[in-house]
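Everything on this sheet refers to the single structure shown next.
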Amino acid sequence: MSTKRARGAPAVATTISATGCRCTMSGEIDFSNLEEFRAKLTSALHIGEPVVVDLRAVTFFSLSATRVLLKVHDLADVLQCPMQVLGSPCVNRVLHLSGADTELTLPHQHSQRFRY
């Protein structure tokens, strides 16, 4: 497992196992660290292998981050990498409000009721 945190970047841990890759992030994901977010997600994709994007410890998730997540999801489809996203309440809310929850694989989360 590798962990790296640059100034302004979310904490990232990537684990590769026989069942695929897990990319775990915590902290805030916003305009200031979108490139780091995109790079870490893209590097987690390996042709034909599943990837789990674990955002359960993310405390802020911008709409721009949602766009990046959707672009990486499209790339995962091209590479035939099944991608599953585990989100924190704030991530799930942004994904729901933007409609991205209908395009991503979110276990049981897209059917939850959100409080505004």
task: I would like to know whether Thr105 and Met83 meet side-chain contact (heavy atoms from CB on, under 4.5 Å); could you show each step before the answer?
output: CA-CA 7 Å; Thr105 303; Met83 187 171 120; over 6 Å; no
message: Working note: Asp101 + Asn92, criterion side-chain contact (heavy atoms from CB on, under 4.5 Å); need CA distance, chi angles, decisive distance, verdict.
response: CA-CA 8 Å; Asp101 60 340; Asn92 293 338; over 6 Å; no
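The closest donor-acceptor contact from the side chain of Asp30 to the backbone of Phe61 lies at 3.5 Å or more, if one exists at all. The backbone N or O of Gly99 lies less than 3.5 Å from a partner atom in the side chain of Thr102, making a donor-acceptor pair. A donor-acceptor pair under 3.5 Å is absent between the side-chain atoms of Ser88 and the main chain of Ala57, judged by distance alone.
Under the 4.5 Å side-chain heavy-atom criterion for ILVMFWY residues, a single connected hydrophobic cluster contains both Leu75 and Ile47.
Closest non-hydrogen pair, Gly48 versus Cys81, comes out as N-SG, 3.8 Å. Closest heavy-atom contact between Cys90 and Val58: SG-O, 3.4 Å.
Here CG of Asn33 is found 9.5 Å from CE of Met25. Values are rounded to the nearest 0.5 Å. In this structure, CZ in Phe31 is found 14.5 Å from CZ in Phe37, a value given to the nearest 0.5 Å. Annotation: the span from Ser98 atom OG to Arg93 atom CZ amounts to 12.0 Å, rounded to 0.5 Å. Note that CD1 of Ile29 and NZ of Lys40 are 12.5 Å apart. Values are rounded to the nearest 0.5 Å. Note that CG of Asp54 and OG of Ser26 are 9.5 Å apart. Values are rounded to the nearest 0.5 Å.
For the pair Leu55/Leu86, no side-chain contact is recorded, criterion being any heavy-atom separation below 4.5 Å from C-beta on. Under the 4.5 Å side-chain criterion, counting only non-hydrogen atoms from C-beta, Cys21 is not in contact with Val52.
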Validation: residues 62-74 side-chain donor-acceptor distances under 3.5 Å, sequence neighbours left out:
from  : atom 1 : to    : atom 2 : distance (Å)
Ser62 : OG     : Ser64 : N      : 3.4
Ser62 : OG     : Ala65 : N      : 3.1
Thr66 : OG1    : Ser62 : O      : 3.4

